[in-house]
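Take a look at the structure set out below.
Hydrogens, waters and symmetry mates play no part in the numbers below; they use all other heavy atoms, side chains included.
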Amino acid sequence: VLHGGTEYTFPDGPPHAGDELIVTSKLESVTEKEGKRGGTMTFVVSLTEYHDKKTGKLVAQGRSTTIETAKAATA
């Protein structure tokens, strides 16, 4: 298993210290492709959203990609 990367977006700038947030996470996508050295690679993208507890407004999103590699079949 490999870490494929993480990115965050802040629609109106990052939240402030002391802000209370509600966090939800979900599986956004799962895709497969053949690796260059044989075997299959599975890409799993998770989406985490951070909402202001008082207003419900989206203040941040995080996307994280995990890669699972499988060994190529040997003859």
Exercise for review: Take atom OH of Y8 as the centre, draw a 6.0 Å sphere, and report whether it contains more than 12 heavy atoms from other residues, nucleotides or ligands.
Suggested key: no
Practice item. Taking the side chain as every heavy atom from C-beta outward, state whether T65 and V44 have any atom pair closer than 4.5 Å. Key: no
Practice item. Show your working on side-chain contact (heavy atoms from CB on, under 4.5 Å) between K53 and L21 and close with a plain yes or no. Key: CA-CA 5 Å; K53 186 175 181 179; L21 305 176; over 6 Å; no
Exercise for review: State whether the number of non-hydrogen atoms from other residues, nucleotides or ligands found under 6.0 Å of E68 atom CD is greater than 12.
Suggested key: no
Check your understanding: Strictly by modelled atom types, are T48 and S25 linked by a side-chain donor-acceptor pair under 3.5 Å?
Key -> yes
Practice item. Using side chain to side chain donor-acceptor pair (under 3.5 Å) as the criterion, list what pairs up with H3, not counting sequence neighbours. Key: T6
Point to revise | Q61 side chain near L47 side chain, heavy-atom distance below 4.5 Å | key: yes
Practice item. Compare all side-chain heavy atoms of V1 with those of I67 and state whether any distance is below 4.5 angstrom. Key: no
Exercise for review: Report yes if some heavy atom in the side chain of Y50 is under 4.5 Å from a heavy atom in the side chain of L58; otherwise report no.
Suggested key: no
Point to revise | Non-hydrogen side-chain atoms of E32 and M41 separated by less than 4.5 Å | key: no
Study note, to complete from the structure: Distance col, row E28:CD vs S46:OG, nearest 0.5 angstrom, shows 8.5 Å
Review point. Does any non-hydrogen side-chain atom of V59 lie less than 4.5 Å from one of D19?
Key: no
Study note, to complete from the structure: Sorted by chain and number, sequence neighbours left out, side chain to side chain contact (heavy atoms under 4.5 Å, CB included) with S29 holds for V45
Review point. Salt bridge or not for K57 and D12, using N-O below 4.0 Å?
Key: yes
Check your understanding: For E34 and T40, what are the C-alpha separation, side-chain angles and deciding distance, and is it a side-chain contact (heavy atoms from CB on, under 4.5 Å)?
Key -> CA-CA 5 Å; E34 286 299 314; T40 303; 3.3 Å; yes
Review point. When you look at K54 and E20, which way does the salt bridge (Lys or Arg N to Asp or Glu O under 4.0 Å) test go after all the steps?
Key: CA-CA 8 Å; K54 292 179 186 175; E20 292 187 53; over 6 Å; no
